[in-house]
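Take a look at the structure below.
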Protein chains: 2
Amino acid sequence: MRRTKEQAEQTRVAILAAAEQLFLEKGVSHTTLEQIARAAGVTRGAVYWHFQNKAHLFHAMLDQVRLPLEQLTERLSGCGGEDPLWALRDLCVGAIESLAQDDQKRRIFTILLHRCEFTDELRETEQRNAVFINQFIALVEQLFGRPGCLDRLQDGVTPRIGARSLHGLLVGLFTDWTRDPGLFDPIRDAAALFDVHFRGLVRDWPRRRQAAPPTP
Amino acid sequence: MRRTKEQAEQTRVAILAAAEQLFLEKGVSHTTLEQIARAAGVTRGAVYWHFQNKAHLFHAMLDQVRLPLEQLTERLSGCGGEDPLWALRDLCVGAIESLAQDDQKRRIFTILLHRCEFTDELRETEQRNAVFINQFIALVEQLFGRPGCLDRLQDGVTPRIGARSLHGLLVGLFTDWTRDPGLFDPIRDAAALFDVHFRGLVRDWPRRRQAAPPTP
DNA sequence: TGGTTTACAAACGTGAATGTATGTAACAGC
DNA sequence: GCTGTTACATACATTCACGTTTGTAAACCA
């Protein structure tokens, strides 16, 4: 019984959703395509029609969340008139907060950090991941090196060290919270968790964001 | 051809070493006991004699590094006459530095962070891991709350937030460096990476460790 | 409206990994 | 020196997941 194009797309997302759930519960390599198909209400035939194999399915799943994330990061390099250090801080805080608000993001990051092994078959996914991370670090490092920022860094903090420590904190908080969502409350605590670090990075880091200067 | 007791122990460590190497290369669930056995120069019979199954083998492998780690952490709660904040800082720096010095530790942590999925069969391992992490966080939180420390924390930094952010940084640096050992040099950079954070945590964090007061 | 292609379902063949059961030679104790 | 046990090797049975192939009804198009 052939479906219409919309129905086909519907089963595609059903497969993706089922995979997401099962990967989260049982781990990527312990989840079989048969289980995914059954959970999506189809057979393995449908899975193999929409995706080449499990690795491609996994890749497609990650794309749902990586693409918007990359856009968000690129926005930093533009960074209009406002303080780029505050923009960076807001980006970090927002990233943690969004974990609590966006259930799909939470699931997918939990899978990425705790439920998959980066081995040969996922090597390509790992590479793209590494590229994104390196771009982020390079961007932050370059941001810290800007004339308006560099002189605001604490003594002894180089752009290189600052970028790497900040990314470490970001990744660590992602890892910790996805492992145990009870460890802290993203909405309430994210700002404080990063402000600790920014106070170590930036001289005279304000305790609270000062009001924006009135735009004439 | 039965072996003597020492020889038997020798094959046991050979199996553990082979598993360590293969888990690192191919991921835990993508490594078969047959491959481990061949790499160790034995057959699956030997593996099943020494270990109940792959999960128990994995568990035994982790014990090689977790047990000394737990001792190290517990030493913090004692924390003799010296400044407990500096002791904590040294513990963190030393943890990162030891990654570069101890190859086995580096391999096992890489496996833990990037080459295994915490699923049903490793649930027990995951639990013990979580217990250790929670103990570490609780210990740091309690340390920050001590009379001699609490008043040295920066305004707005609670023991709760301080402990969680510090652990986040620690985990993130582990994760980042095991993913890409070229990202920074543990020996050269570990101190700077943590000092950024400690400056955000503690008031008047010294740029360099001042000489210890002369012991009378 | 008839042929073509789509979107799957069902069936097939295959290799591989697991756990267990059995065999066996040598060590360790008496 | 005999025996029970150890430290494995070998053989076996079973299950399971994968990839491919074939079948098919319905949608899409001319």
Side-chain angles (χ1 to χ4, degrees), chain A residues 1-61 115-117 119-125, chain B residues 1-19 21-23 25-61 115-117 119-125:
Chain A
M1 311 171 182
R2 186 189 165 196
R3 318 297 158 84
T4 175
K5 283 211 172 236
E6 306 142 22
Q7 287 175 323
E9 178 60 20
Q10 199 173 331
T11 73
R12 198 187 113 98
V13 305
I15 291 170
L16 280 169
E20 195 178 298
Q21 185 64 33
L22 286 168
F23 286 165
L24 181 66
E25 289 174 11
K26 328 180 35 145
V28 174
S29 65
H30 292 81
T31 300
T32 168
L33 294 182
E34 170 76 17
Q35 295 169 337
I36 294 173
R38 294 185 89 87
V42 292
T43 70
R44 258 171 60 242
V47 177
Y48 274 104
W49 202 93
H50 284 283
F51 307 95
Q52 197 171 334
N53 51 35
K54 201 205 280 186
H56 282 72
L57 170 56
F58 182 70
H59 197 78
M61 193 192 73
R115 302 284 196 278
C116 75
E117 323 181 338
T119 170
D120 295 342
E121 64 174 0
L122 300 183
R123 192 67 22 122
E124 191 193 334
T125 298
Chain B
M1 311 167 182
R2 185 188 166 197
R3 319 299 158 85
T4 174
K5 282 214 174 235
E6 305 141 21
Q7 287 174 324
E9 178 60 20
Q10 198 174 331
T11 74
R12 197 188 113 99
V13 305
I15 291 170
L16 280 170
Q21 185 64 32
L22 286 168
F23 286 165
E25 289 173 12
K26 330 180 33 146
V28 174
S29 66
H30 292 82
T31 300
T32 168
L33 294 181
E34 169 75 18
Q35 296 169 335
I36 294 173
R38 294 186 88 87
V42 292
T43 70
R44 260 172 58 243
V47 177
Y48 274 105
W49 201 92
H50 284 285
F51 306 97
Q52 198 170 335
N53 51 35
K54 200 205 281 184
H56 282 72
L57 170 56
F58 181 71
H59 197 78
M61 195 193 72
R115 303 283 196 277
C116 76
E117 327 183 333
T119 170
D120 295 344
E121 64 174 0
L122 301 183
R123 193 68 19 124
E124 191 192 334
T125 299

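By convention in this document, chain letters (A, B, ...) are assigned in the order of the sequence lines, proteins followed by strands, and residues within each chain are numbered from 1.
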- Item | Close residues, residues 22-40 of chain A, relative to DNA chain D [heavy-atom separation under 4.0 Å] |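 Here the set is Thr32(A), Leu33(A).
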- Which residues within residues 48-58 of chain B lie with some heavy atom under 4.0 Å of an atom in DNA chain D?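 Here the set is Trp49(B), His50(B).
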- Message: On the nucleotide dC8(C), are OP1 or OP2 found under 4.0 Å from the side-chain N or O atoms that Thr11(A) carries?
- Response: yes
- Query: OP1, OP2 of dC28(D) versus side-chain N and O of Thr4(A): anything below 4.0 Å?
  - Reply: yes
Among [options], find the nucleotide with the atom closest to the side chain of [X].
X: Arg3(B); options: dC8(D), dC8(C), dC28(D); value: dC8(D)
X: Val42(A); options: dA9(C), dT18(C), dA7(C); value: dA9(C)
X: Arg44(B); options: dG19(C), dA7(C), dT20(D); value: dG19(C)

- Item | Rounded interatomic separation in angstrom, taking CZ from Arg12(A) and C1' from dC8(C) |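 Going from Arg12(A) (CZ) to dC8(C) (C1'), I get 15 Å.
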- Task: Specify the separation, in whole Å, of atom CD of Glu9(B) and atom C1' of dC8(D).
- Result: 15 Å
What side-chain donor-acceptor pairs closer than 3.5 Å can you find for residues 43-52 of chain B, not counting sequence neighbours?
residue, atom, partner, partner atom, Å
Thr43(B), OG1, Gly45(B), N, 3.3
His50(B), NE2, Thr11(B), OG1, 3.2
Gln52(B), OE1, His56(B), NE2, 3.2

- Note on the structure: Applying side-chain contact (heavy atoms from CB on, under 4.5 Å) to Ala40(A) and not counting sequence neighbours gives Ala14(A), Ile15(A), Ala18(A), Val42(A)
- Query: More 5' along DNA chain D: Lys5(A) or Gly41(B), using each one's nearest nucleotide?
  - Reply: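 So the residue in question is Gly41(B).
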- Query: Measuring from Gln10(B):CD to Thr4(B):OG1, what's the distance to the nearest 0.5 Å?
  - Reply: 10.0 Å
- Enter the distance from Leu57(A):CG to Met61(A):CE here, rounded to the nearest 0.5 Å. 7.5 Å
Can you list, pair by pair, the side-chain donor-acceptor contacts under 3.5 Å of residues 25-35 of chain A, counting residues two or more places apart and other chains?
residue, atom, partner, partner atom, Å
Glu25(A), OE2, Gln21(A), NE2, 2.9
Ser29(A), OG, Ser29(B), OG, 2.5
Ser29(A), OG, Glu117(B), OE1, 3.1
Ser29(A), OG, Glu117(B), OE2, 3.0
His30(A), ND1, Glu117(B), OE1, 3.0
His30(A), NE2, Glu121(B), OE2, 3.1
Thr31(A), OG1, Leu22(A), O, 3.3
Thr31(A), OG1, Gly27(A), O, 2.7
Thr32(A), OG1, Glu34(A), N, 3.2
Glu34(A), OE2, Arg38(A), NH1, 3.0
Gln35(A), OE1, Thr32(A), N, 3.0

Between the protein and nucleotides 13-15 of chain C, which nitrogen or oxygen pairs are less than 3.5 angstrom apart?
none

